[in-house]
Amino acid sequence: MSVRRTAFLWLVLVGALAFGWAGAGEAAPAGPIVLTIKSHRFEPSEIAAPAGQRLMIQVRNLDATPEEFESYDFKVEKIVVSRGTITVLVGPLKPGLYKFFGDYNPDQAKGVLRVGPPSGRK
Amino acid sequence: MLAAMLIVFREVLEAGLVVGIVLAATEGIAGRLRWIGAGVAAGAFGAGLLALFAGDLSNSLSGQGQEYFNAVVLLLAVTMLGWHHLWMADHGRELAAQLKQLGSEIGAGRASLFAMAMVVALAILREGAEVVLFLYGIVAASHEGPLALLLGGLGGLALGVAVAFVLYRGLVAIPIKRLFQVTEVLLTVLAAGLAGQALAILAGIGAVPTLGDQVWDTSWALRDDTLVGRALHALIGYSDRPPGIQLIAYGLTLTAFVAGGRLVHRAHDRRRSQQLSRS
């Protein structure tokens, strides 16, 4: 196997993908969905959003203890210190249910993001 | 108590797997326990500091400090693994031959030991800060019977260390001639996985393009939140729904390691044959 040929193939692949991305353009995220953590529980514990859009989720921790906002389903892992606020960008996602939780209190801090069909095409 | 044990175990597991592989990859090199021990200590110290300043970090860089920090830590680990990999491509075979002949520890590769200690320190820094914050939370909310939870946490820590040890023992059961070949493969896929994670984090904050969200979905077969999924995530960078950029970073790192190793290897052989023909 030639090293040079492999490197060339990679360059072509990355170039093509970058070109495709530049052409597609990224939709700006809609206004933030706000979650609060109080007594290790999310409020609201169920949120909804349209599919195919970049989402912004803001998490406010009102507790005296730190929490980790985490979701395996939409791939987020971020620490929220006591009385702190974080913002994460998510998606665009396909329709379905996406679970999230607080990694430090996984039994109490549970919630779900319900992603519906894309907006504007009803 | 059991819940606390599981939470801590999950964090420690990822770092533990890295430590297990690094221990096997440095088998027989004099002074390695001192170096790796220093790496563990530095990582734990850094994790404490990081937990202490978690709020400041979180607020820095327009609220994206955590993400940038994690990405930099991951990419630094990839660099260290790359350095070690190239060094082994140059010296690995002689190292294995010497170890087999002498059957005792040999002094070699200060630089490679430094790289390995750094990899351990960075892994512990990343996972350790989360453990420290979790345990701090338990202590702060003292009405929930913190002692049992702390014991659970310590149990999780012990369990993670046990996994590292078992992995190490399993690996060094491989004959010394093959051992470094196996550990180099493991470290290479580890590096590719870390590079993929770093780029996925950067894509998450929009610093780099995602190049396709959820390129595939294998969550029906193996979910990231299972213990096996997490272990594979730490070892080979498995993800059930990866963005395109994660796969690109993975493939590029893999290619760079294999191609780089091969080039160094070839140069090494050429040098050897020249030396032999001259003498």
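Sequence lines set the chain letters: A, B, ... in the order given, protein chains first and strands last, and positions in each chain run from 1.
The two residues A:Tyr72 and B:Asp240 make their nearest non-hydrogen contact at O-OD1, 4.4 Å. Considering all non-hydrogen atoms of both residues, B:Gly137 and A:Pro66 come closest at CA-CD, 3.9 Å.
Residues forming a salt bridge (charged side-chain N to carboxylate O under 4.0 Å, His left out) with A:Arg41 (at least two apart in sequence, or on another chain): none.
Proximity of B:Gln214 to A:Pro92: side-chain heavy atoms (C-beta onward) are nowhere separated by under 4.5 Å. Between A:Lys75 and B:Ile201, the closest side-chain pair of non-hydrogen atoms is not below 4.5 Å. Between B:Phe134 and A:Glu67 the shortest side-chain heavy-atom distance does not fall below 4.5 Å. Contact check for B:Arg10 versus A:Asp103: side-chain heavy atoms found under the 4.5 Å cut-off. B:Glu11 places a side-chain heavy atom less than 4.5 Å from the side chain of A:Glu68.
Of the charged side-chain nitrogens involved, at least one lies within less than 4.0 Å of a carboxylate oxygen, so that A:Asp73 and B:Arg241 count as a salt-bridged pair.
Heavy-atom distances place the side chain of B:Glu67, and not its backbone, under 4.5 Å from chain A. Residue B:Asn70 does not touch chain A at all, counting heavy-atom pairs closer than 4.5 Å. Contacts of B:Ile7 with chain A are made by side-chain atoms alone, with heavy-atom separations under 4.5 Å and no backbone atom involved.
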*Show the numbers, then the answer: is there a side-chain contact (heavy atoms from CB on, under 4.5 Å) between A:Ile79 and B:Leu133?*
CA-CA 9 Å; A:Ile79 286 164; B:Leu133 275 176; 3.5 Å; yes
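No donor-acceptor pair closer than 3.5 Å links the side chain of A:Tyr104 to the backbone N or O of B:Leu135.
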List the atom pairs, with distances to 0.1 Å, where a side-chain N or O of residues 52-65 of chain B and a protein N or O form a donor-acceptor pair under 3.5 Å, not counting sequence neighbours.
{"unit_1": "B:Ser58", "atom_1": "OG", "unit_2": "B:Gln66", "atom_2": "NE2", "d": "3.1"}
{"unit_1": "B:Asn59", "atom_1": "ND2", "unit_2": "B:Gly55", "atom_2": "O", "d": "3.3"}
{"unit_1": "B:Ser60", "atom_1": "OG", "unit_2": "B:Leu57", "atom_2": "O", "d": "2.6"}

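Taken to the nearest 0.5 Å, the OG1 atom of B:Thr210 stands 6.5 Å off from the CZ atom of A:Arg54.
Interface remark: of the candidates B:Asp225, B:Ile205, B:Thr255, B:Asp225 forms the most heavy-atom pairs closer than 4.5 Å to chain A.
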